[in-house]
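Contents: one structure, followed by commentary.
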Amino acid sequence: MQRVLFNFLLAVEGVNANKLRSFLTALGIIFGVGAVIAMLAIGTGAKQAILDQMKLIGTNNIVIEAVVPESGDEIRTENEEEEEKKPYSPGLSLADLASIQKTVPTVDRLSPEIILPVSVVRAGRQEKGRCIGVENAFFELNGLEIGQGIAFQPVHMEKGEAVCIIGTEVKKRFFSEEDPVGKLIKCGKTWLRVIGVLKKRNASEESLARLGIRDYNSDVYIPVSTALLRFRNRALITPDDLGNNDENKSKNYHQLDRLVVRVDDSKKLRASADVIARILQRRHLQVPDVEIEVPELLLEQEQQTQDTFNLVLAVIAGISLLVGGIGIMNIMLASVLERIKEIGVRRSLGATQLDIILQFLFEAVFISLIGGLIGVLLGVGAAKTIASYAEIPTIVSAWSILLSFGVAASIGLVFGLFPAQKAAKQDPIKALRSD
């Protein structure tokens, strides 16, 4: 151990004697390790972001959105007199839900949604908000939990009772200093009794915008039957829909605004979405008034793109480390030629070939570790900068730092071995005679 420690101290002394050259030698390792740290931080951050998005949208979900087609998007047919007529579509409705549930065997749960813009009023405070007609499956499919009170009961659904469950932001604005459960809140022209409060859903505005979902904390939730009975059932003809005044007619003819279908097997997502699309096309007479998305498949495509990007970064980092290793080997070979006389003196004083190998090998590893340390600092700083300015999520993990140090030490060991062996094989007599 004393000989090993002595050789290590000689290696450190040799590196300190040529600080500038040692730093330049380590540059390849510095940038290579920094690239590895930044790459792993970007990859880990992107993976975590996708997992968080999966929690927001739920797994194995198919989302059906009701849309009102523009006049140019509507499919027209010609009758015998070649007069153009618009095919009639009933829009997305509870009948579509029943048809999907009956026809598609892979369906596990369905969650209809009716979105109603309303004015929310309580205790002299009025704000614009949304009443969302849902069933209890909505909370399960979107990973929402009841923090206070209870969920909708069968009697609430059957009779369309005037009850609601509110988000945490609604509670904060209208019930800041009291328990909202059992209290009344007015949505539009209807008074609703609060029976529950959702737990807060933490999600960034960027994630919500990218996934096209609402902020669940800011809505008032009511049973679907309550929305149809006490607010508006767009599937029924009302006096506002009669007459020639187009301004009085509701442009949104869909009974439901959104329908989420959960499939029991992720492998059947695409096939189930295709079957559902055919069912809706047939029921809606080919009118393109619904859009079907499979968020999980979209996120998988995003993950594949991210993996390709990470692969490119890995190749760049690997090339940089390879160049750094070659640089260490070249400098160490030059150092051997410069220090032949020193090698001869050490050998004449009793140093073995192993002592010479350890001395030069320690120098290479020491340079690599110093470069690795600086590279880690550079990589962490680069990851933080990317997260701040490029708005790309990054996570620097402990294992990535340990991996980088291990790679740096391995490079010094591998690329320093050949110069160390060449130094040890020098003839001591010829080495002493060299200038």
(message) Please evaluate residues Ile64 and Val261 with respect to the criterion side-chain contact (heavy atoms from CB on, under 4.5 Å), reporting the C-alpha separation (whole Å), side-chain torsions for both, the decisive distance (0.1 Å), and the verdict.
(response) CA-CA 8 Å; Ile64 305 168; Val261 182; 4.2 Å; yes
(message) Would the distance check show the side chain of His156 and the main-chain N or O of Pro223 forming a donor-acceptor pair, the cut-off being under 3.5 Å?
(response) no
(message) Quick one: does any side-chain atom of Gln153 pair with a main-chain N or O of Ala151 as donor and acceptor, under 3.5 Å?
(response) yes
(message) Nearest 0.5 Å, please: how far is CG in Leu403 from CG in Leu40?
(response) 6.5 Å
(message) Donor-acceptor pair, distance only, cut-off 3.5 Å: does the side chain of Thr226 make one with the backbone of Ala162?
(response) no
(message) Applying side-chain contact (heavy atoms from CB on, under 4.5 Å) to Val220 and Ile132, what does each step give before you reach the verdict?
(response) CA-CA 6 Å; Val220 177; Ile132 313 297; over 6 Å; no
(message) Contact between Leu322 and Phe415 at the side-chain level, heavy atoms closer than 4.5 Å - yes or no?
(response) yes
(message) Let me confirm one number: the CD1-CD1 distance from Ile195 to Ile166, rounded to the nearest 0.5 Å.
(response) 11.0 Å
(message) Quick check: do Leu144 and Phe138 have side-chain heavy atoms less than 4.5 Å from each other?
(response) yes
(request) Work out which heavy atom in Leu110 is nearest to a heavy atom in Leu141; give both atom names and the distance. (result) C-CD1, 4.4 Å
(request) Side-chain contact test, heavy atoms from C-beta onward, threshold under 4.5 Å: evaluate it for Val170 versus Val197 and give yes or no. (result) no
(message) To the closest 0.5 Å, what do you measure between CE (Met39) and OG (Ser404)?
(response) 8.0 Å
(request) Would you check if the side chain of Ser400 reaches a backbone N or O of Ser397 as a donor-acceptor pair within less than 3.5 Å? (result) yes
(request) State, with a plain yes or no, whether a side-chain heavy atom of Ile222 is found less than 4.5 Å away from one of Leu192. (result) yes
(message) Go through it in stages, so that I can follow the logic: the residues are Asp96 and Arg283, the test is side-chain contact (heavy atoms from CB on, under 4.5 Å), and I'd like the CA-CA distance, side-chain angles, deciding distance and then a yes or no.
(response) CA-CA 8 Å; Asp96 292 323; Arg283 291 183 56 84; 2.5 Å; yes
(request) Determine yes or no for a side-chain-to-main-chain donor-acceptor pair under 3.5 angstrom, with Asn252 supplying the side chain and His254 the backbone. (result) yes
(request) Return the minimal non-hydrogen interatomic distance between Val194 and Pro180, and the atom names on each side. (result) CB-O, 3.3 Å
(request) Answer yes or no: is there a side-chain heavy-atom contact under 4.5 Å between Glu113 and Leu256? (result) no
(request) Check each of Glu135, Glu140, Gln101 against Arg109 using the side-chain hydrogen bond (donor to acceptor under 3.5 Å, both in side chains) test, and report the only one that passes. (result) Glu140
(message) Check whether Ser368 reaches the backbone of Ala364 with its side chain - one donor and one acceptor, N or O, closer than 3.5 Å.
(response) yes
(message) Please evaluate residues Arg122 and Glu178 with respect to the criterion salt bridge (charged side-chain N to carboxylate O under 4.0 Å, His left out), reporting the C-alpha separation (whole Å), side-chain torsions for both, the decisive distance (0.1 Å), and the verdict.
(response) CA-CA 13 Å; Arg122 186 180 184 275; Glu178 57 183 318; 3.1 Å; yes
(message) Do Lys268 and Ser272 make a side-chain contact, defined as non-hydrogen atoms from C-beta onward lying under 4.5 Å apart?
(response) yes
(request) Using atom types as modelled and distance alone, determine if a side-chain donor or acceptor of Thr168 lies under 3.5 Å from a backbone N or O of Lys200. (result) no
(message) Run the side-chain hydrogen bond (donor to acceptor under 3.5 Å, both in side chains) test against Ser218 and tell me which residues pass, sequence neighbours left out.
(response) Asp215
(request) Give a yes or no on whether the backbone of Ala383 and the side-chain of Thr394 come within a donor-acceptor separation of less than 3.5 Å. (result) yes
(request) Ignoring hydrogens and angles, tell me if any N or O in the side chain of Ser225 forms a donor-acceptor pair with the backbone of Met157 under 3.5 Å. (result) yes
(message) Just checking Phe23: does its CZ atom have more than 12 heavy atoms from other residues, nucleotides or ligands closer to it than 6.0 angstrom?
(response) no
(request) Kindly indicate whether the side chain of Leu236, heavy atoms from C-beta on, has any atom under 4.5 Å from the side chain of Asn233. (result) yes
(message) For Gln126 and Lys186, which I'm curious about, is there any donor-acceptor pair between the side chains at under 3.5 Å?
(response) no
(request) Working to the nearest 0.5 Å, report the span between CD1 of Ile411 and CD1 of Ile367. (result) 13.0 Å
(message) Looking at every heavy atom in both Pro117 and Ile115, which two are closest together, and how far apart are they?
(response) CD-O, 3.7 Å
(request) Would you sort out whether Asp257 and Arg234 count as a salt bridge (charged side-chain N to carboxylate O under 4.0 Å, His left out), showing the intermediate values? (result) CA-CA 10 Å; Asp257 292 289; Arg234 291 188 292 259; 2.7 Å; yes
(message) With ring-ring contact (aromatic ring centres under 6.0 Å, His included) as the criterion, how do Phe360 and Phe418 come out once you've worked through the C-alpha distance, each side chain's angles and the decisive distance to 0.1 Å?
(response) CA-CA 10 Å; Phe360 284 91; Phe418 176 70; over 10 Å; no
(request) Over all heavy atoms of both residues, which pair between Ala409 and Leu369 is shortest? Give the atoms and the distance, please. (result) CB-CD2, 3.8 Å
(request) Report the distance from atom CD of Glu145 to atom CG of Leu198, rounding to the nearest 0.5 Å. (result) 10.0 Å
(message) Using the rule given for side chain to side chain donor-acceptor pair (under 3.5 Å), can you reason through Thr106 versus Asp264, listing the C-alpha separation, both sets of side-chain angles and the distance that settles it, and then say yes or no?
(response) CA-CA 6 Å; Thr106 57; Asp264 56 12; 5.1 Å; no
(message) Can you give me the closest heavy-atom contact between Pro288 and Val67, atom names plus distance?
(response) O-CG2, 3.8 Å
(message) If we ignore hydrogens and angles and just use 3.5 Å, is the side chain of Arg258 paired with the main-chain N or O of Val63 as donor and acceptor?
(response) no
(request) State the OG-NE2 distance between Ser93 and His284, to the nearest 0.5 angstrom. (result) 6.0 Å
(request) Check whether more than 12 heavy atoms from other residues, nucleotides or ligands sit under 6.0 Å from atom NZ of Lys183, and answer yes or no. (result) yes
(request) Give the ring-plane orientation class for Phe139 versus Phe152, where under 30° counts as parallel, over 60° as perpendicular and anything between as tilted. (result) tilted
(request) Would you check, one step at a time, whether the test side-chain contact (heavy atoms from CB on, under 4.5 Å) holds for Ser89 with Leu285? (result) CA-CA 6 Å; Ser89 170; Leu285 302 177; 5.7 Å; no
(request) For the residue pair Leu378 and Val380, establish whether any side-chain heavy-atom pair is separated by less than 4.5 Å. (result) no
(request) Can you see which heavy atom on Gly372 is nearest to which on Val33, and at what distance? (result) O-CG1, 3.6 Å
(message) Taking Glu127 first and then Arg125, would you say they form a salt bridge - that is, a charged N and a carboxylate O separated by under 4.0 Å?
(response) yes
